[in-house]
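All values below were derived from every heavy atom in this structure, side-chain atoms included, with hydrogens, water molecules and symmetry-related copies excluded. Counting begins at 1 with the first residue of the sequence.
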Amino acid sequence: MLAPFVDAGVFGAFEVQLASTIARLQPGAGDDVILALTVAARAPGFGHVCVDLDSAVHQISLSDDADEPAVSLPWPSAEGWTRAVAASPLVMQPALGPTVPARPLVWDEGHLYLQRYWHYEVSVARALADRAEQSRISHGQANATGDIDRALAAVFGEARGDEDDLQREAARRSLAPGVSIIAGGPGTGKTHTIARLLAAAHLVRAEDGRDLKVALVAPTGKAAARMRQAVQQELSALQGAGGLAGQAVHALAQAEASTVHRLLGWGEGTHFRHNRSDPIRHDMVIVDETSMVSLPLMAKLLDAVRPQARLVLVGDPYQLASVEAGTVMGDVVGPAVENDPCPPGVLADRITVLRRMRRFSEDSAIAALAEAIRRGDADAAVALLDGTRRGVTWMRNDDVPGVAAVRALAIAAGIEVVRAALEGDTRGALDAANRTKVLAATRRGPFGLYEWSDRIEHAVAEAVPGLNPSRRWYVGKPVIVTGNDPLNHVFNGDVGVVMDRAGSMTVDLAGGDEARSLPPARLDRAEAWWAMTIHKSQGSEFSHAIVSLPEVGSPILTRELLYTAVTRASERVTIVSSEDALRSAIGRPIARASGLRGRLWG
């Protein structure tokens, strides 16, 4: 029954094996129900938490190379399919009351879930609602002492009645036990707010004579390192504010910064060490780049953070969602990001949306381009890229001399990395690697990651005598870690450069003020970092981002992808793309099936 779908590339070995197993365990389940199970199992691979049977063909039938959904396959009629699923003993319906034992499938509010993903979604919604209620109960009690007001005045100054007070309000909400959410685009002051939140929390706790144990976390190692560095810079400006002594600033600056996975602790198999039975001991957990956190990971994090602790979720709801299933940040922020005042919802009074961009000047072309992309206004974006605005450049991919000029910029940056490394200057090499970076939408194909990386590497080798790109490791090679390795304390997204230490090669990984050196033999999951995918670039910032898009028709081309790439640039962005591909990306927002927004906002 599944053969036509497998031949079309819709289902793979995992889904077939699961369907076969369930069919053996439940004889007579029916082809339609087994197909529904297979669809539900495939959906998370496309980022969906659940699936709507009436639109399943459009949600999960796109293969990596297909341009159109496989509409010609023998899909059941939506009405008959729904009836068969609802009547199946393989399906649990929460609306009809609790069912024991659990079933492989869940039919809830018109959505079909694998039981595991339904559990993740329900547990995240319940945990956030409970923490929001806890915040409301404790809010009045905490304010009664005046400690919070004094601390906020010390680190933010007196209230001015303008948009800057939104940062103060975000910090106030975050000082209460429970949960708070700080949402905003690039350069809207999220890190500025986090640093002052930490300082205010320290001042409040200092009156009780207790230390404050804080965890700063992000989904990737690079994002965590960048978060810590940015917070340290902000904290240094606060020394002396409201009695915040240098020793206290130093202690706050040493707050643990790691990946979410590392904070949860690696256990046996796919389980984490910390959970409800063995919670994280921190008083405050601040999660940056929350848009990259998948639904399963958020469920495990919420389970592991103590009920009495403060949980602060920070991120940009317009960025790319996690590679895995879910759109947690977008679902949590919901309509609050577009509406002021915020409409009713269980999290309505826990969300602060920062809207004023501070990274760029008011007339910044990068900021204007990002806003046009966010709105889905392709005409405005194309007009901004007409060549008259400083800071944004558009190079059509059929402009051979123009593309060569852009490539020369990336090559020059690579040469600078290698020469700094050969001189033994790790910091200089890492800084050079972060100034100009190619961000490719795809790995393969023309203008993909591999093509850019190969061309840059070979051109650098021609310019620097003695460099041999046929070797896996050579001095000056920039590298990015592609998988978590808790044993060596190396995590997905960590970046570094190969150096020569007294005749022995090391990989110096960026992290805080000083790089950490590891022998190359201890990095089994790493690749060259001459260029990177846009997905990997989340949590990064580059002076000049060169954004490379594939031809129109690629399923990866989305508005969120382009927005994420453009907002990685702080000074200059260059887009290499055809006009059709550019317009296609801007006009195609990501559509992931999830019920979390409905559970939180109704």
Pairing residues for [X] by the side-chain hydrogen bond (donor to acceptor under 3.5 Å, both in side chains) criterion, not counting sequence neighbours:
X    : value
R592 : none
S180 : S174
T352 : R173
T564 : none

Query - Identified side chain to side chain donor-acceptor pair (under 3.5 Å) partner of E121 from the options R599, R126, R116 - result: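 It is R599, the one option of R599, R126, R116 that forms the side chain to side chain donor-acceptor pair (under 3.5 Å) with E121.
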
Query raised in the report: Between CH2 of W118 and CG of D108, what distance do you get to the nearest 0.5 Å?
Result: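 Those atoms lie 6.5 Å apart.
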
Query raised in the report: Going from CG on L295 to CG on L596, what distance comes out if it is rounded to the nearest 0.5 angstrom?
Result: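 Between L295 CG and L596 CG, I get 6.5 Å after rounding to 0.5 Å.
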
Taking only distance into account, with no hydrogens and no angle test, what donor-acceptor pairs under 3.5 Å do side-chain atoms of residues 316-335 form with protein atoms, sequence neighbours excluded?
residue, atom, partner, partner atom, Å
D316, OD1, Y318, N, 3.0
D316, OD2, Y563, OH, 2.7
Y318, OH, E338, OE2, 2.2
Y318, OH, R374, NH1, 2.8
S322, OG, E324, O, 2.8
T327, OG1, D331, OD1, 3.2
T327, OG1, D331, OD2, 3.0
D331, OD2, S594, OG, 2.8

Report task. Check salt bridge (Lys or Arg N to Asp or Glu O under 4.0 Å) between E79 and all other residues, then give those that pass, not counting sequence neighbours. Result ->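 For E79, the residues satisfying salt bridge (Lys or Arg N to Asp or Glu O under 4.0 Å) (neighbours in sequence not counted) are R83.
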
**Report entry** D283 (side chain) donor-acceptor with A309 (main chain) under 3.5 angstrom
**Finding:**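 Looks like no, no N/O pair under 3.5 Å.
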
Query raised in the report: Has the side chain of K190 got a donor or acceptor atom that lies under 3.5 Å from a matching backbone atom of G184?
Result: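 Pair found, side chain donor or acceptor close to backbone of G184.
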
**Report entry** Over-ring placement of K536 relative to W529, 6.0 Å and 45° cut-offs
**Finding:**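 Verdict for W529: no cation-pi partner in K536.
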
